2 protein chains.
Amino acid sequence: MRVVGEQPRARDANATRARILAAAKSEFARLGLAGARVDEIARQACANKRMIYHYFGGKEDLFRAVLVEAYLDIRNAEQELELDHLPPREALERLVRFTWAYYLDNPEFITLVNSANLHRGKHLEKSERLQTASRRFVSMVQEILDRGVVDGVFRPGIDPVQLNITIAAIGYYYLTNRFTGTILFERDFMENKALEDRLAFNIDTVMRLVLV
Amino acid sequence: MRVVGEQPRARDANATRARILAAAKSEFARLGLAGARVDEIARQACANKRMIYHYFGGKEDLFRAVLVEAYLDIRNAEQELELDHLPPREALERLVRFTWAYYLDNPEFITLVNSANLHRGKHLEKSERLQTASRRFVSMVQEILDRGVVDGVFRPGIDPVQLNITIAAIGYYYLTNRFTGTILFERDFMENKALEDRLAFNIDTVMRLVLV
DNA sequence: TCAGTAACGCACTAGTTAGTTACTTCTTGC
DNA sequence: GCAAGAAGTAACTAACTAGTGCGTTACTGA
């Protein structure tokens, strides 16, 4: 790995671990768990393959670590939205826009989640950190709904989990199936106008769902 | 493959081809393109591996054939719905119920589509058969929308492709991500009550989207 | 009936792949 | 300043995997 004449890289366990994790995220997202190659991950991380086994244990454990990190990343981003400062309608629209933008900006998140579910979720063991983050997220949506009901703009009785799933679904499905969609429906799913139209349609869908 | 003393199987090219295709669909759906094993597909099809290369050319060509068949299957099933005989509201609700039921009864369809898109759709070349079937499907939805507008129950200007995508999305996402969903949201996504609730929520979502 | 062809099967190969062994080099706490 | 352990490396292996060469067996049509 090291070229003759180069200085040996300064030893930095955290940096090496992080480089491996980033390379693994990219490769697992691109090719799936079975399609990704440990050697290629090591090469992209500028690390020796042995280090992967040293820090993570094995290919599947590395995949596990990538998944947990990906989920924590999105939950952290969601927390930074500070939706509780906004009026309920604006808060909800902002959540729909954020979800859409997050999927667009982090396409690897979608394929990682797909891979996790192809393997029936067995790499995402119950994690208190993740479940706490999810609970906080559901509470946040519940609070927006409650405030909307009090304000008389939202109808009561909406399940925040179902609403969450729907908000994710209408963006996620469009983007994850954009390749087959483009072929079957004979329109470019990724051109600017198409993306704007879809976002507008999704905001409309969610608003009609919750408004009185 | 053949046990001593058994009669050689009667030669039937169509049957062998079909057995290979069925085994391939099952294995590709279960493990993805990279995870599936050609030897295992041959074993499950009770066929010699050589026959896969004889009939289909190679692993990727076999995957291609599986994909096209899967799409033609769902489009055929959709055509048998005969929604044009129903009043617009009933027709649309029936479409939502059908889509949901189809994903539930054919879980391999979902993972095959996911795999196709992981590989950026390159195994689903432009196929006149598939595109014709898709066009007919979009027309069917367009016709329901038009009739609804004439009847004064649906609002005008709804894009049938966007509506289709949304109908698919709200069922597909829930089912494809049921494993990670069950862990993160701490509720069983597949128990009867949960499935009923989701279907009801989805019908509600679509109706609120189209009704005046 | 028999030659030609399509279906089928066995055994092999060349290349790949996750994981390991056995080592060297650097850093740090004392 | 030095022992001990952590970081890093190269070469290896055993198992696997897609694909093939080549021969055999059963239909089929003339």
Side-chain angles (χ1 to χ4, degrees), chain A residues 1-28 30-67 115 119 122-123, chain B residues 1-28 30-67 115 119 122-123:
Chain A
M1 198 90 336
R2 177 148 44 97
V3 178
V4 183
E6 257 181 70
Q7 289 303 310
R9 184 176 38 245
R11 296 191 165 198
D12 187 336
N14 285 341
T16 302
R17 227 192 98 101
R19 282 203 317 280
I20 291 172
L21 210 53
K25 180 188 251 179
S26 159
E27 284 300 284
F28 284 135
R30 197 165 65 87
L31 301 163
L33 173 55
R37 298 289 165 243
V38 176
D39 288 274
E40 180 59 21
I41 290 169
R43 203 189 61 76
Q44 273 185 39
C46 296
N48 191 280
K49 182 166 59 149
R50 194 67 188 77
M51 290 295 96
I52 291 177
Y53 292 89
H54 184 245
Y55 287 122
F56 296 95
K59 190 186 185 184
E60 303 224 349
D61 301 286
L62 180 56
F63 183 66
R64 235 176 277 271
V66 165
L67 267 188
S115 287
H119 297 95
K122 77 166 177 173
H123 301 94
Chain B
M1 199 96 327
R2 178 151 41 102
V3 178
V4 183
E6 258 183 71
Q7 290 302 312
R9 183 175 40 242
R11 295 188 167 201
D12 187 336
N14 285 341
T16 302
R17 226 190 100 100
R19 283 202 317 279
I20 291 172
L21 211 52
K25 180 188 252 179
S26 159
E27 284 300 284
F28 283 135
R30 197 166 64 88
L31 301 164
L33 172 55
R37 297 291 166 243
V38 176
D39 288 273
E40 180 58 21
I41 290 170
R43 204 189 61 75
Q44 273 185 39
C46 296
N48 192 280
K49 181 167 59 153
R50 200 72 188 70
M51 292 295 95
I52 291 178
Y53 292 90
H54 183 246
Y55 287 122
F56 296 95
K59 190 186 187 183
E60 302 223 350
D61 300 286
L62 180 56
F63 184 66
R64 235 177 277 271
V66 165
L67 266 187
S115 287
H119 297 94
K122 77 166 177 171
H123 301 94

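Each chain gets a letter, A, B and so on, in the order the sequences are listed, and its residues count up from 1. Bear in mind that the values here come from a model prediction, so they are computed numbers and not experimental data.
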(request) Identify the heavy atoms of Ile41(A) and Ala23(A) that sit nearest to each other, and give their distance. (result) O-CB, 3.5 Å
(message) Over the length of the helix from dT1(C)-dA30(D) to dC30(C)-dG1(D), how much do the five-pair end axes diverge, rounded to 10 degrees?
(response) 20°
(message) Between P on dG19(D) and CZ on Phe56(B), what's the gap in Å once rounded to a whole number?
(response) 14 Å
(request) Please tell me if the side chains of Tyr53(A) and Val38(A) come closer than 4.5 Å, counting only heavy atoms from C-beta onward. (result) yes
(message) Within the 4.5 Å heavy-atom criterion, are Phe28(B) and Leu67(B) side-chain neighbours or not?
(response) no
(message) Keeping Lys59(B) on the side-chain end and Leu33(B) on the backbone end, is there a donor-acceptor pair under 3.5 Å?
(response) yes
(request) Give a yes/no on whether any side-chain N or O of Thr16(A) is located under 4.0 angstrom from OP1 or OP2 of dA7(D). (result) no
(message) Tell me the closest heavy-atom pair linking Glu60(B) and His123(B), and the distance in Å.
(response) OE1-NE2, 2.9 Å
(request) Please report, rounded to the nearest Å, how far the P atom of dG21(D) is from the NE2 atom of His54(B). (result) 14 Å
(message) Check this one for me: any side-chain N or O of Tyr55(A) less than 4.0 Å away from OP1 or OP2 of dG8(D)?
(response) yes
(request) Return the value, rounded to whole Å, for the distance between atom CD1 of Ile52(A) and atom C1' of dA7(D). (result) 15 Å
(message) Measure CZ/Arg17(A) against P/dA6(D) and give the value in whole Å, please.
(response) 15 Å
(message) Expressed as a whole number of angstroms, how long is the span from Asp12(B):CG to dC8(C):P?
(response) 7 Å
(message) In this structure, how many angstroms lie between the P atom of dA7(C) and the CZ atom of Arg19(B), rounded?
(response) 13 Å
(message) Base contacts versus sugar-phosphate-only contacts with protein, heavy atoms under 4.0 Å: please encode nucleotides 15-24 of chain C as B, S and - from 5' to 3'.
(response) --SBBBB---
(request) In whole angstrom, give the distance that lies between atom CG of Asp61(B) and atom P of dT20(D). (result) 11 Å
(request) Nearest whole angstrom, please: distance from the C1' of dT17(D) to the CZ of Arg43(B). (result) 16 Å
(message) Within the structure provided, determine whether Arg64(A) and Phe56(A) are in side-chain contact (heavy-atom separation under 4.5 Å).
(response) no
